[in-house]
Colleague: 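Please find one structure pasted underneath; my questions will follow.
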2 protein chains.
Amino acid sequence: MARMDYTRDNMAGLLRSHDINPTHQRIEIAHALFSRQEHLSADQVMAFVNTRHSETSKATVYNTLKLFLDKGLVREVIVDPSKVFYDPNTSPHHHLYEVDSGKLSDIDARSVQISGLPQLPDGMVTEGIDLIVRVRRQR
Amino acid sequence: MARMDYTRDNMAGLLRSHDINPTHQRIEIAHALFSRQEHLSADQVMAFVNTRHSETSKATVYNTLKLFLDKGLVREVIVDPSKVFYDPNTSPHHHLYEVDSGKLSDIDARSVQISGLPQLPDGMVTEGIDLIVRVRRQR
DNA sequence: CCGGAGATTAGACAAAGTCCAGATTGCCTA
DNA sequence: TAGGCAATCTGGACTTTGTCTAATCTCCGG
């Protein structure tokens, strides 16, 4: 089910299908993330959304990203101690993080096998498994 | 090679063996981490070190933790977007993170197998593989 | 046209971490 | 013992990321 295009119009549908009221700001933010298909920090989203003229406040960017997260539209990636990245790809995958450049890319989860994880204590459920491969330029 | 005891005296040797000049503050910080064998944030280290009377400044705590990291005495664990944890256990292991409580515990790496990771681009080397299992209380 | 719920806003605030210039420490040599 | 030097430590100002709040705006149904 290849998504054809990340136009602003299609964003409205995407939002609605995730039970999110598609307002102007939300469409812009979704567009910033999905049209790029990249991992963006809140700051970067802010910058992209407000390139032409200031349109969207900081509070709204943060609120909206949290809302998207809640509704399962994006994933949170915690690799950099100083900021959170938001990931428009919610299909199962892992991450490759280039420490020096801060570049973050995906590793399809279907090619990777993880086994031998311990049983969880009673009443606990797995919320997610994050696998991060940290790499750097050879010295 | 079971380490017998995390007395302050033994800390001095541990530091020296990692090529770190064992000053009073460094010994206290190492002691805070190793005697507890727990994951502590910089804040928590500060609190422990300064319980009786203020002995060590914030700057020193941060500098020292970074130094320890550099010298391979501790590991950095990035699971919580708001703060970094420092882990006195440097043997290969993964982490289990209880999202609600913030509790962080170890998973021995020997029981876990990871396969199918992609080849790295040329000139890149792996710095580390972080596997984090995020769990929460069942709702 | 009116009312109200939901959405957005500016800006004050909080917490983690960095930076710097000056003070302190410990050690070496004379 | 004194002096000097390098390493270390310090308080405090500063930066950055993110949160909070109270006021305003928008839009829709009646």
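Predicted model only: the values in this text are computed from it and were never measured. Residue numbers begin at 1 in each chain, while the letters A, B, ... track the order of the sequences.
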Colleague: Can you find a side-chain donor-acceptor pair between Ser115(A) and Gln113(B) that sits under 3.5 Å?
Modeller: yes
Colleague: Between Glu55(B) (CD) and dT24(C) (C1'), how many Å, whole number?
Modeller: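 Whole-Å distance recorded here is 16 Å.
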Colleague: What is the distance, to the nearest angstrom, from the CD1 atom on Ile27(A) to the C1' atom on dA7(C)?
Modeller: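 Those two atoms, CD1 and C1', are 13 Å apart.
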Colleague: Checking side-chain polar atoms at under 3.5 Å, does His93(B) have a donor or acceptor matched by the opposite partner on Asp87(B)?
Modeller: yes
Colleague: Spell out, yes or no, whether Ile78(A) and Leu33(A) are grouped together once hydrophobic residues are joined by side-chain heavy atoms under 4.5 Å, including indirect joins.
Modeller: no
Colleague: Is there a side-chain polar atom (N or O) of Gln25(B) under 4.0 Å from OP1 or OP2 of dT25(C)?
Modeller: no
Colleague: Reading DNA chain D from 5' to 3', where do the contacts with chain A start and stop? Cut-off is 4.0 Å to heavy atoms.
Modeller: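 Under 4.0 Å from chain A, the extent on DNA chain D is dT17(D) to dC20(D).
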Colleague: Of Lys83(B) and Asn63(B), whose closest DNA chain C nucleotide lies nearer the 5' terminus?
Modeller: Lys83(B)
Colleague: Report the distance from atom NZ of Lys71(A) to atom C1' of dG6(C), rounded to the nearest whole Å.
Modeller: 13 Å
Colleague: To the nearest Å, give me how far apart CD1 (Ile78(B)) and P (dG17(C)) are.
Modeller: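 Distance, rounded to whole Å: 10 Å.
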Colleague: For Phe48(B), is the NZ or CZ atom of Arg36(B) found under 6.0 angstrom from the centre of its six-membered ring and inside 45 degrees of the ring axis?
Modeller: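 Yes, Arg36(B) and Phe48(B) form such a contact.
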Colleague: Would Val77(B) and Leu65(B) show up in the same hydrophobic cluster when neighbours are defined by side-chain heavy atoms closer than 4.5 Å?
Modeller: no
Colleague: Name the closest nucleotide to the Lys58(B) side chain, picking from dT9(C), dT18(C), dT8(C).
Modeller: dT18(C)
Colleague: Need one value for Thr60(B): base, sugar-phosphate or nothing, where a base atom within 4.0 Å counts as base even if backbone is also close, heavy atoms only.
Modeller: base
Colleague: I want to confirm an ordering. Mapping Thr64(B) and Pro81(B) to their closest nucleotides on DNA chain D, which one lands closer to the 5' end?
Modeller: Thr64(B)
Colleague: Looking at dT9(C), dT8(C), dG6(C), which one has an atom nearest to any side-chain atom of Arg26(A)?
Modeller: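 When the side chain of Arg26(A) is considered, dT8(C) is the closest of dT9(C), dT8(C), dG6(C).
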Colleague: Please state whether the phosphate of dT18(C), meaning OP1 or OP2, lies under 4.0 angstrom from any side-chain nitrogen or oxygen of Tyr62(B).
Modeller: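 Indeed not, no polar side-chain atom of Tyr62(B) lies that close.
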Colleague: Taking any heavy-atom pair under 4.0 Å as a contact, classify Ser82(A): base, sugar-phosphate, or nothing.
Modeller: sugar-phosphate
Colleague: How long is the line joining CE of Met46(B) and C1' of dG17(C), in whole Å?
Modeller: 11 Å
Colleague: Any donor-acceptor pair under 3.5 Å linking the side-chain atoms of Asp130(B) with those of Tyr97(A)?
Modeller: no
Colleague: Taking atom types as modelled, find out whether Thr7(B) and Asp5(B) have a side-chain donor-acceptor pair closer than 3.5 angstrom.
Modeller: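 Their side chains do not contain a donor-acceptor pair, so the 3.5 Å distance test is not met.
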Colleague: Mind calculating the distance between CG (Leu67(B)) and P (dG17(C)) to the nearest angstrom?
Modeller: 17 Å
Colleague: Starting at CD of Glu28(B) and ending at P of dT25(C), how long is that distance when rounded to a whole Å?
Modeller: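 Atom CD in Glu28(B) sits about 16 Å away from atom P in dT25(C).
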